[in-house]
Amino acid sequence: MAAEAYGPILEVACGTGRITLPLAQAGFEITAIDLSEGMLSVAKAKAQALPLACQQRIEWLCQDMAALSLDRSFAFAFVPFRSFQHLLSIADQRKTLSALRAHLAPGGRLALHLFDPRLDLLLKGGTAIPQSISLDEVTGRRFLAEVLRTDFDYMAQVRRDLWRYAEIDENGDTLREDIREMALRWTHRWELYHLLALMGFTVEAEYSDFKGTSPSYGNELIVVCKAN
């Protein structure tokens with residue numbers, strides 16, 4: 001989609017640059033925004049390993065997607081890895097879509113990545129998120145991520161997971177840990193369609209994965225739309 005845009009790209013909620021950096025390496029001019037200064041600092045550090053020409057194709061900015069204010073327009077904008085779902089109210093979703101539409105050039109496209117809500121993940125006592133463990137091959141240390149508690153607000157369609165993150169040495173001792181809440185609002189497919197239409201977008205395509213597969217229940221929800 002970036003190649004089809006023929007113009008500058010806007011990435012919203014870029015995180016540590018996992019998508020930003022390969023796009024810059026592929027020759028695209030990209031403005032990458034995130035609300036977290038910490039995430040952006042990691043992204044900028046990673047960018048230092050790229051050729052200078054690649055670094056110059058990226059503009060890093062710390063901004064809230066619901067209050068986006070840039071002095072340019074874009075041919076293509078996207079919100080990857082379900083970050084749109086960190087907007088916990090319809091009001092914030094509408095503010096964000098309005099801001100994105102205002103920053104798209106005529107005929108510009110927007111791609112949103114959400115998940116299609118699975119009932120078993122939205123029931124208290126339903127399917128649990130499995131523990132995640134990764135290994136640093138250099139230090140031998142393990143990094144653990146696990147959900148301690150899950151709460152649901154069904155009226156607001158918000159799931160709140162309390163996560164524990166720990167760094168564990170080769171002897172099994174915990175070196176450090178942190179506990180953070182991650183809240184996501186689930187949005188049903190047709191609810192999203194109505195919201196996009198209300199905010200001046202026309203849905204052009206919808207996929208259930210990153211290979212262009214047709215929509216299916218309980219998988220990824222990737223919607224591509226055009227600004228009216």
Side-chain angles (χ1 to χ4, degrees), residues 1-15 17-20 23 28-37 39-40 43 58-117 153-160 181-208 210 215 220-228:
M1 286 186 285
E4 295 169 355
Y6 300 105
I9 299 166
L10 172 64
E11 181 182 1
V12 177
C14 64
R18 180 173 57 177
I19 302 174
T20 319
L23 284 174
F28 296 105
E29 179 187 350
I30 182 166
T31 297
I33 73 158
D34 202 279
L35 185 60
S36 168
E37 289 279 13
M39 289 278 196
L40 288 171
I58 307 171
E59 181 181 18
W60 306 101
L61 295 172
C62 185
Q63 287 205 19
D64 183 343
M65 68 174 88
L68 194 63
S69 180
L70 306 171
D71 59 357
R72 62 186 306 190
S73 59
F74 301 87
F76 174 54
F78 66 101
V79 189
F81 204 63
R82 304 167 178 169
S83 294
F84 186 80
Q85 295 184 256
H86 288 302
L87 300 166
L88 302 183
S89 69
I90 290 288
D92 282 343
Q93 289 180 338
R94 291 186 61 172
K95 287 178 185 177
T96 297
L97 290 172
S98 177
L100 287 169
R101 189 178 182 279
H103 285 83
L104 283 173
R109 284 178 170 80
L110 169 67
L112 298 176
H113 172 207
L114 295 79
F115 60 70
D116 185 49
D153 181 342
Y154 290 107
M155 295 298 290
Q157 295 178 200
V158 173
R159 172 183 174 132
R160 298 180 184 274
E181 181 187 77
M182 183 175 72
L184 291 173
R185 182 181 192 276
W186 66 86
T187 300
H188 296 281
R189 174 179 285 108
W190 296 112
E191 178 188 2
L192 181 62
Y193 268 59
H194 286 304
L195 182 62
L196 288 167
L198 182 67
M199 302 312 299
F201 290 95
T202 299
V203 174
E204 293 189 329
E206 182 187 343
Y207 309 108
S208 62
F210 298 101
E220 305 300 331
L221 175 55
I222 300 164
V223 174
V224 181
C225 51
K226 186 176 182 179
N228 297 336

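Not measured: the values here are computed from a predicted model. Here, residue 1 is the first one in the sequence, and each next residue gets the next number. Every heavy atom of this structure was used, including side-chain atoms; hydrogens, water molecules and symmetry mates were not.
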Distance in Å, R94 CZ paired with L87 CG, rounded so as to fall on 0.5 Å steps:
13.5 Å
Can you find a pair of side-chain heavy atoms, one from E59 and one from E29, that are under 4.5 Å apart?
no
Would you name the heavy atoms of S83 and M65 that are closest together and state the gap between them?
O-CE, 3.8 Å
Do side-chain atoms of Q85 reach the backbone of R185 as a donor and acceptor pair under 3.5 angstrom?
yes
Just so I know, are the side chains of L10 and L70 near enough to count as touching, which here means a heavy-atom distance under 4.5 Å?
yes
Would you check if R109 and E204 make a side-chain contact, meaning some heavy-atom pair closer than 4.5 Å?
yes
At what distance, to the nearest 0.5 angstrom, does SG of C14 lie from CD1 of I58?
9.0 Å
Side chains of H188 and Q157: does their closest heavy-atom pair fall under 4.5 Å?
yes
Taking the side chain as everything from C-beta on, heavy atoms only, tell me whether H86 gets closer than 4.5 Å to L35.
no
Taken to the nearest 0.5 Å, the spacing of L68 CG from L97 CG works out to 11.5 Å
To the nearest 0.5 Å, what is the distance between CG (L196) and SG (C225)?
4.5 Å
Closest contact, heavy atoms only, G17 versus A43:
N-CB, 3.9 Å
Around atom CZ of F210, are there more than 12 heavy atoms of other residues, nucleotides or ligands at under 6.0 Å?
yes
Minimum heavy-atom separation for D34 and G15, please, with both atom names.
OD2-N, 2.8 Å
Can you list the residues that meet the side-chain hydrogen bond (donor to acceptor under 3.5 Å, both in side chains) rule with R101, with sequence neighbours excluded?
none
Would you say that M182 contacts R159 through its side chain, given a criterion of any heavy-atom pair below 4.5 Å between the two side chains?
no
Quick check: does any side chain N or O of E181 sit under 3.5 Å from a backbone N or O of R160, one acting as donor and the other as acceptor?
no
Backbone N or O of F81 within a donor-acceptor pair of the H113 side chain at under 3.5 Å?
yes
Could you tell me whether the side chain of V224 reaches within less than 4.5 Å of the side chain of Y207, counting heavy atoms only?
yes
Closest contact, heavy atoms only, I19 versus P80
CD1-CB, 3.5 Å
Spacing of E11 atom CD and F78 atom CZ [to the nearest 0.5 Å]:
3.5 Å
Find the distance between CZ (F84) and CG (D92) and round it off to the nearest 0.5 Å.
9.5 Å
So does E206 pair up with R189, basic N to acidic O under 4.0 Å?
yes
Can you confirm whether T96 sits close enough to V79 that some side-chain heavy atom of one is under 4.5 Å from a side-chain heavy atom of the other?
no
